[in-house]
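Shown next, in structure tokens, is the structure this report addresses.
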Amino acid sequence: MSSELNILAIYGLLVLVLILVQVIYAISQVGLPMLARPRDDMPRLTGVAGRMERCVANSVAAMALFAPAVLILAVREGFGGGTLLAAQVFLIARLAYALLYPAGIPWARTAVWGLGFVATLYLYVAAL
């Protein structure tokens, strides 16, 4: 398996950990019974719980963009030094994002989000 595919797997694990952490924060705020039933009337999560919820949603969206680029490159055997660097930058940026967003650090969070976005864009350009 290529390093880019390994990075994709590692990012998948990071997203799973983020989901688990988000659920723990949500339980602490609204309780397990609220999370176990239909959430039509669930109160809005606030503070770290709310930021974790938004962080997870953003991380899943990033996965939805990153994974196809890596898989297209794998099918086309298009991996190289640039794609490996882009995947590494993506992973580091997303890890930083996962730490900065719940901490409520806005500008640094936005910068690392942009870095991860540009790295993903590079992968799509490399796949053409």
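Each residue takes its place number in the sequence, starting with 1. Source: prediction; values computed, not measured.
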For this session: State yes or no: do V48 and V17 share one hydrophobic cluster built from I, L, V, M, F, W and Y residues joined by side-chain heavy-atom distances below 4.5 Å, directly or via other members?
Result: yes

Problem set entry | Selection residues 49-84 - residue pairs positive for ring pair (Phe, Tyr, Trp, His ring centres under 6.0 Å), sequence neighbours left out | F66-F90

Pairs under 3.5 angstrom only: tabulate donor-acceptor contacts from the side chains of residues 108-128 to other protein residues two or more places apart or in another chain.
| from | atom 1 | to | atom 2 | distance (Å) |
| --- | --- | --- | --- | --- |
| T110 | OG1 | P106 | O | 3.0 |
| T120 | OG1 | G116 | O | 3.0 |
| Y124 | OH | L65 | O | 2.6 |

Exercise. Hey, is the main chain of I92 close enough, under 3.5 Å, to the side chain of Y97 for a donor-acceptor pair?
Worked result: no

Problem set entry | Heavy-atom pair of closest approach, residues E4 and V70 | O-CG1, 3.8 Å

Exercise. Can you tell me how far the CG atom of L100 sits from the SG atom of C55, to the nearest 0.5 Å?
Worked result: 9.5 Å

Exercise. For the atom pair CD (Q29) and CE (M34), what is the distance rounded to the nearest 0.5 Å?
Worked result: 11.0 Å

Problem set entry | Over 12 foreign heavy atoms within 6.0 Å of OH, Y25 | no

Exercise. Do V60 and L91 sit in the same hydrophobic cluster, where Ile, Leu, Val, Met, Phe, Trp and Tyr count as joined when their side-chain heavy atoms come under 4.5 Å apart?
Worked result: yes

For this session: For residues L8 and L71, determine if any side-chain heavy atom of one lies less than 4.5 Å from a side-chain heavy atom of the other.
Result: yes

Exercise. With a 4.5 Å limit on heavy-atom distance, are the side chains of P43 and V30 in contact?
Worked result: yes

Problem set entry | Name of the residue among L18, I7, N58, V89 meeting side chain to side chain contact (heavy atoms under 4.5 Å, CB included) with R94 | N58

Exercise. Can I72 be reached from L5 by stepping across I, L, V, M, F, W or Y side chains whose heavy atoms are under 4.5 Å apart?
Worked result: no

Exercise. Are L84 and L14 grouped together when hydrophobic residues (ILVMFWY) are joined by side-chain heavy atoms under 4.5 angstrom apart?
Worked result: yes

For this session: Could you grab the distance from atom OG of S3 to atom CG of L85, nearest 0.5 Å is fine?
Result: 12.0 Å

Exercise. When rounded to the nearest 0.5 angstrom, what distance separates CD in Q88 from CD1 in I10?
Worked result: 10.0 Å

Exercise. In Å, rounded to the nearest 0.5 Å, how long is the span from CZ of R54 to CG of L45?
Worked result: 9.0 Å

Seminar exercise, completed: So CD1 of I19 and CD of E53: to nearest 0.5 Å the spacing works out to 12.0 Å

For this session: Mind listing the closest non-hydrogen atom pair of P102 and M52 along with its distance?
Result: CG-SD, 3.2 Å

For this session: Please answer: with hydrophobic residues joined when any side-chain heavy atoms are less than 4.5 Å apart, are V23 and L16 in the same cluster?
Result: no

